[in-house]
A.B. asks: 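Here it is: the structure, laid out below.
One is the number of the first residue; the rest follow in order along the sequence.
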Amino acid sequence: MLSSFSAPSVHGRGAAAARLAAVALVSGLVAVSAATTAGAAVADELPLSQGGATATIGGLKASGPAVIHEDGGDKQVSAGLFEMSVDNGGTLQTYCVDIYSPTQKDAKYQETPWSGTSLNENPDAGRIRWILRNSYPQVNDLAALAAKAGASGLTEQDAAAGTQVAIWRYSDGADVDAVDPQAEKLADYLQRSARDLAEPAASLSLDPPAVSGHPGELLGPVTVRTNADGVTVTPPADATSGVRIVGRDGKEITSAVDGGELYFDVPEDAADGSVALTVQASTTVPVGRAFASETRSQTQILAGSSESTVSAAATANWAGSGAIPALSAEKNCAEGGLDITAVNEGDEAFTFELMGSEHTVEAGTSRTVTVPLQEDQTYDVTVEGPGGYEKRFQGVLDCRTQSGVGGETVQTLNEPSPATVGGTSAATTDLAETGTSSATPVIAGIAIGLVLIGGAAVLFVRKRKTPTQD
């Protein structure tokens, strides 16, 4: 059997899940050299990043109390503005769009398209972006904001709490009110006034994230998409490969702008292999960009950004003959699964097996297979092909808010710190947070794994014929 799929028997939201999710579930982009001859080696793992800002969450910058009204009674939470530290420089301010999930201490977050979060299925996602653009901290004239809301004497804490409450009403459909009367007036005004706005573009991405072809060719183009004035291009670290990063004219380049096209110039005598390039820029991340964590920590949405470091990576894979595949994976919340895309720029078909089914990608075409997953399911998917080709994708599917989840509690009105389920947890109780707090719950996944291995799950396959790129 050339492929495997497994769902671990225990799904934790702590260190184990963090290690699994660290392979960037939403964007496993690795192009691995694979010839069709026997004994072909699998290349080393290459950078796994969808592009944009990567940051670590800190505490609440400004907040106030709010009350969730539920059938079981009123429960209190902290509502406010988080602060994140961007890798390699910069600061982000975010609100939560996932009220019923805990915030993990020092959780790592990656800038993510709405399609990879619960915002994908939310018809009010655009209204949330309007709130972000028309409230604190984008509007820092609190007197003017208070006048529009019919409030008076808004503090930063009131403004943050009112903004978060308004967002929760649209992100989670929560029946929630701010405790402070002025914050509540702001929340009502924002909810009432919100209009639909489009999703903002990524701060930085490379399209496509993986390319392939023959030695002696320019592999690409890989197009730069960014709101920065320009990006710095870092060539492959493996200088022995002789691969250069060039423009369409073949001239080596070290910088690019939005819309710029990058090519991998692979020497004609290069042995079969693969390399990666990275691009980096300093820019402000657009308000309304979503941020998803490597653990099951609250999904965040951007409210403000300093000048921050953003980056993206792309890979190239080449071989002299045979199939030349490049694989990538991306979370697909609309279909409730993981999209695995194979592009074959070789001169022979590439055949691989996934979950017991065989798939063939003809030369010069691409094919996407959607692996269906359960919400919060830890997945471990291996794609194997001829000649020793193997690519593994791991992570956790996290597409929905936890509204109405039984057994979880939030901070009650008379408690000074977030309540927990199943005892205290250093991962949650040491951090000021919005929304529900809980200890790391354990979710059994063995039944899901058996169903999938048994073939009961259905693969949704989309096949698209594309011409070989220049």
Side-chain angles (χ1 to χ4, degrees), residues 1-5 27-48 207-222 236 238 241-243 263-277 313-330 338-371 381-393 459-470:
M1 183 173 177
L2 293 177
S3 68
S4 66
F5 178 92
S27 58
L29 54 94
V30 173
V32 183
S33 174
T36 56
T37 57
V42 176
D44 292 337
E45 293 286 318
L46 295 172
L48 303 179
D207 180 31
V211 296
S212 58
H214 297 92
E217 300 176 343
L218 295 183
L219 308 188
V222 175
D238 181 13
S241 68
V243 177
Y263 293 82
F264 294 83
D265 183 10
V266 182
E268 189 170 2
D269 59 353
D272 297 356
S274 61
V275 294
L277 69 83
T315 59
N317 180 43
W318 64 90
S321 62
I324 313 176
L327 262 69
S328 62
E330 183 174 10
L338 182 74
D339 281 351
I340 297 178
T341 299
V343 179
N344 179 15
E345 296 292 357
D347 47 34
E348 294 180 7
F350 172 62
T351 299
F352 65 95
E353 286 196 12
L354 177 64
M355 293 177 61
S357 297
E358 186 174 277
H359 307 279
T360 298
V361 186
E362 299 296 336
T365 70
S366 67
R367 189 170 191 175
T368 296
V369 178
T370 301
V371 179
V381 180
T382 300
V383 178
E384 295 182 2
Y389 183 94
E390 182 176 291
K391 181 68 189 90
R392 185 179 184 184
F393 301 99
L459 286 180
F460 301 95
V461 180
R462 301 189 301 278
K463 189 172 183 180
R464 176 175 60 88
K465 187 170 184 178
T466 55
T468 304
Q469 294 181 351
D470 295 337

A.B. asks: Indicate yes or no for a side-chain donor-acceptor contact from Thr368 to the backbone of Asp339 under 3.5 Å, with no hydrogens or angles considered.
C.D. replies: no
A.B. asks: What is the distance from atom OG1 of Thr351 to atom CD of Glu362, rounded to the nearest 0.5 Å?
C.D. replies: 7.5 Å
A.B. asks: Measuring from atom CZ of Phe352 to atom CD of Glu384, what distance do you get when rounded to the nearest 0.5 angstrom?
C.D. replies: 12.0 Å
A.B. asks: What closest approach, in Å, do Pro208 and Ala314 show between heavy atoms, and which atom pair accounts for it?
C.D. replies: O-CB, 4.3 Å
A.B. asks: Please report the closest heavy-atom contact between Leu354 and Thr382, naming both atoms and the distance.
C.D. replies: CD1-O, 4.0 Å
A.B. asks: If you compare all heavy atoms of Ser274 against all heavy atoms of Asn317, which two are closest, and at what distance to 0.1 Å?
C.D. replies: CB-OD1, 3.9 Å
A.B. asks: With a 4.5 Å limit on heavy-atom distance, are the side chains of Val222 and Phe264 in contact?
C.D. replies: yes
A.B. asks: Is a side-chain donor or acceptor of Asp272 paired with a backbone partner of Gly320 at a separation under 3.5 angstrom?
C.D. replies: yes
A.B. asks: With rounding to the nearest 0.5 angstrom, report the CD to OG1 distance, Glu330 to Thr370.
C.D. replies: 10.5 Å
A.B. asks: Of all heavy-atom pairs between Tyr263 and Gly220, which one has the smallest distance, and what is that distance?
C.D. replies: CE2-C, 3.7 Å
A.B. asks: Testing Ile340, Val361, Val343 for side-chain contact (heavy atoms from CB on, under 4.5 Å) with Arg367, which one passes?
C.D. replies: Val361
A.B. asks: Would you say the side chain of Leu327 lies within less than 4.5 Å of the side chain of Phe350, judging by non-hydrogen atoms?
C.D. replies: yes
A.B. asks: Who passes side chain to side chain contact (heavy atoms under 4.5 Å, CB included) against Asp347, sequence neighbours left out?
C.D. replies: His214, Ser321
A.B. asks: Please report the closest heavy-atom contact between Gly346 and Ala363, naming both atoms and the distance.
C.D. replies: O-CB, 3.2 Å
A.B. asks: Restricting to non-hydrogen atoms, name the atom on Ala270 and the atom on Val266 that form the minimum distance, rounded to 0.1 Å.
C.D. replies: CB-CG1, 3.8 Å
A.B. asks: State, with a plain yes or no, whether a side-chain heavy atom of Val243 is found less than 4.5 Å away from one of Trp318.
C.D. replies: yes
